[in-house]
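Each remark here refers to the structure printed beneath this line.
Heavy-atom basis, side chains included; hydrogens, waters and symmetry copies ignored. Residue numbers begin at 1 in each chain, while the letters A, B, ... track the order of the sequences.
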Protein chains: 2
Amino acid sequence: MAVKIRQSKQRDAILAILRQSTAHPTAEDVYKQAREELPDISLGTVYRNLNFLADHNLIRRVKTKDNTVHFDGNMTPHYHFVCENCGQIYDIFPTTDATAKLISEVEMTGHKVHYSSINFVGLCAECANTLEVQEHELKEH
Amino acid sequence: MAVKIRQSKQRDAILAILRQSTAHPTAEDVYKQAREELPDISLGTVYRNLNFLADHNLIRRVKTKDNTVHFDGNMTPHYHFVCENCGQIYDIFPTTDATAKLISEVEMTGHKVHYSSINFVGLCAECANTLEVQEHELKEH
DNA sequence: GTATTTGCAAACGTTTTGCGGCTAC
DNA sequence: GTAGCCGCAAAACGTTTGCAAATAC
């Protein structure tokens, strides 16, 4: 028998937080924000709902170098760029069909791709600028 | 002053295990295998060396849906395909320049890409076959 | 000789879980 | 009324760390 899915203000609030944010919060971040609206919500509930939503493809899990999971409420296809210096996660939206080509490459092997997780790590535009300036200042001495 | 890197039989053994394997073991897996050769090796040492090797770009970290880190001793560029059914991690070796295109797409935004981590999730060829057979058997009743 | 690495065990932070009560439907 | 969800607290999990002894060079 199929499991019935029921609505709850906690789950609605968590989904709304993720839909409104582009910051890729962790479970703890979501918990803090949810408590502003629902002061009695528990961390366990936040975890349960984040897992529930991710398993039902309503949000995405994003893993970074540090060993914690971040969440993303934006379900349009995109990649993530993680800055090695500041740790920020940027959304990158495809402008070509490069991903489709990649997937057809993978499916040549007989595997069936359900979804892809494409991450880039490096130095973000902002940090690259800052570090350049610092290097320049060092050379002056 | 640069930190001197010293050899140890533990580190050599761990690197050898990863070089010889295509199974993308976890730290625990490496620990079990290393103990066959070095019964007194400790889990802490395994973690320390896996992190050391990954930070020195001698092995790769691979993140999957489950909350543990897997390691990969194959440093030639490739993607990973994770089967949702059996959990196995497959290596996929590029046959086109799709990745380069993807990276140039990302770098259009001003970010500098140091490396990429491209993962696909779905049903592997073997599991797809097995499940098809099972569905067929169900229909017969 | 000394700086790095080790084994051990305790500690850490994140995530999951068992429970009894609450709530949506 | 009942299955699903909640808050709470304890437990489990993977991983890191402090220490004194061992080791590489």
Side-chain angles (χ1 to χ4, degrees), chain A residues 1-18 23-56 58-72 82 87 89, chain B residues 1-18 23-56 58-72 82 87 89:
Chain A
M1 191 170 60
V3 179
K4 269 183 204 156
I5 295 170
R6 192 177 287 182
Q7 224 179 346
S8 81
K9 54 179 190 283
Q10 290 88 342
R11 185 174 297 160
D12 293 347
I14 288 167
L15 185 54
I17 286 168
L18 283 162
H24 311 86
T26 62
E28 193 73 33
D29 296 334
V30 173
Y31 174 55
K32 278 183 197 146
Q33 208 177 323
R35 264 206 304 191
E36 291 174 15
E37 199 179 330
L38 304 167
D40 288 337
I41 197 172
S42 77
L43 186 55
T45 297
V46 171
Y47 272 102
R48 265 190 290 239
N49 278 305
L50 288 172
N51 284 334
F52 178 95
L53 293 169
D55 291 344
H56 286 75
L58 292 166
I59 62 174
R60 282 214 246 169
R61 279 182 252 254
V62 187
K63 308 210 168 181
T64 59
K65 204 169 187 176
D66 65 337
N67 222 22
T68 61
V69 184
H70 297 244
F71 294 89
D72 187 348
V82 185
I89 302 172
Chain B
M1 192 173 58
V3 178
K4 267 182 206 158
I5 295 171
R6 192 177 288 183
Q7 227 179 345
S8 81
K9 55 178 188 280
Q10 290 88 341
R11 185 173 297 158
D12 293 348
I14 289 167
L15 185 53
I17 286 169
L18 284 161
H24 311 85
T26 62
E28 193 73 32
D29 296 334
V30 173
Y31 174 54
K32 278 182 197 146
Q33 209 178 322
R35 265 205 305 190
E36 290 174 15
E37 199 179 330
L38 304 167
D40 289 336
I41 198 171
S42 76
L43 187 54
T45 297
V46 172
Y47 272 102
R48 265 188 292 235
N49 278 306
L50 288 171
N51 285 333
F52 178 96
L53 293 168
D55 292 344
H56 287 75
L58 291 166
I59 63 174
R60 281 215 245 168
R61 279 182 253 255
V62 187
K63 310 211 167 179
T64 59
K65 207 170 187 175
D66 67 338
N67 222 23
T68 61
V69 182
H70 295 244
F71 295 89
D72 186 348
V82 185
I89 302 172

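In this structure, the separation between NZ on A:Lys9 and CD1 on A:Ile41 is 9.0 Å, given to the nearest 0.5 Å. Taken from NZ in A:Lys63 to CD1 in A:Ile89, the straight-line distance is 12.5 Å, to the nearest 0.5 Å. Taking CD of B:Gln10 as the reference point, atom CD of B:Glu37 lies at 10.0 Å (rounded to 0.5 Å). In this structure, CG in A:Asn49 is found 11.0 Å from CG in A:Leu58, a value given to the nearest 0.5 Å.
With sequence neighbours left out, B:Tyr31 forms a side chain to side chain donor-acceptor pair (under 3.5 Å) with B:Arg35. Under the side chain to side chain donor-acceptor pair (under 3.5 Å) criterion, B:Gln7 pairs with B:Asp12, not counting sequence neighbours. Not counting sequence neighbours, the partners of B:Arg48 by the side-chain contact (heavy atoms from CB on, under 4.5 Å) test are B:Thr45. Residues passing the ring pair (Phe, Tyr, Trp, His ring centres under 6.0 Å) test with A:His24 are A:His80, sequence neighbours excluded. Partners of A:Ala16 by side-chain contact (heavy atoms from CB on, under 4.5 Å), not counting sequence neighbours, listed by chain and number: A:Gln20. Under the side chain to side chain donor-acceptor pair (under 3.5 Å) criterion, B:Arg6 pairs with no residue at all, not counting sequence neighbours.
Taken residue by residue, residues 9-18 of chain B places heavy atoms nearer than 4.0 Å to DNA chain C at B:Gln10, B:Arg11. For the segment residues 26-43 of chain A, residues with any heavy atom less than 4.0 angstrom from an atom of DNA chain D are, sorted by number, A:Asp40, A:Ile41, A:Ser42.
Rounded to whole angstrom, the span from the CG atom of A:Leu53 across to the P atom of D:dC5 amounts to 11 Å. Rounded to a whole Å, the CZ atom of B:Phe52 is 10 Å from the C1' atom of C:dT5. In this entry the distance linking CZ of B:Arg6 with C1' of D:dA24 reads 4 Å, nearest Å. Regarding B:Lys63, its NZ atom lies at a distance of 12 Å from the C1' atom of D:dG14, rounded to whole Å.
Taking 4.0 angstrom as the limit, B:Asn49 places none of its side-chain polar atoms (N or O) nearer than this to OP1 or OP2 of C:dT5. Regarding contacts with the backbone of C:dT16, a side-chain N or O of A:Asn51 is found under 4.0 angstrom from either OP1 or OP2. Side-chain nitrogen and oxygen atoms of B:Thr68 include none within less than 4.0 Å of the OP1 or OP2 phosphate oxygen of D:dT15.
Put simply, the side chain of A:Ile5 reaches to within 4.5 Å of the side chain of A:His56, judged on heavy atoms. Between B:Arg61 and B:Phe71, the closest side-chain pair of non-hydrogen atoms falls below 4.5 Å. Looking only at side-chain heavy atoms (C-beta outward), A:Leu50 and A:Leu18 come within less than 4.5 Å of each other.
An angle of 40°, rounded to 10°, separates the two end axes of the helix from C:dG1-D:dC25 to C:dC25-D:dG1, each defined over five pairs.
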For nucleotides 17-20 of chain C, list the nitrogen or oxygen atoms of the protein found under 3.5 Å from its nitrogen or oxygen atoms, one pair per line.
unit_1: C:dG18; atom_1: O6; unit_2: A:Arg48; atom_2: NH1; d: 3.4

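Nearest-nucleotide positions on DNA chain C place B:Ser8 closer to the 5' end than the other of A:Arg61 and B:Ser8.
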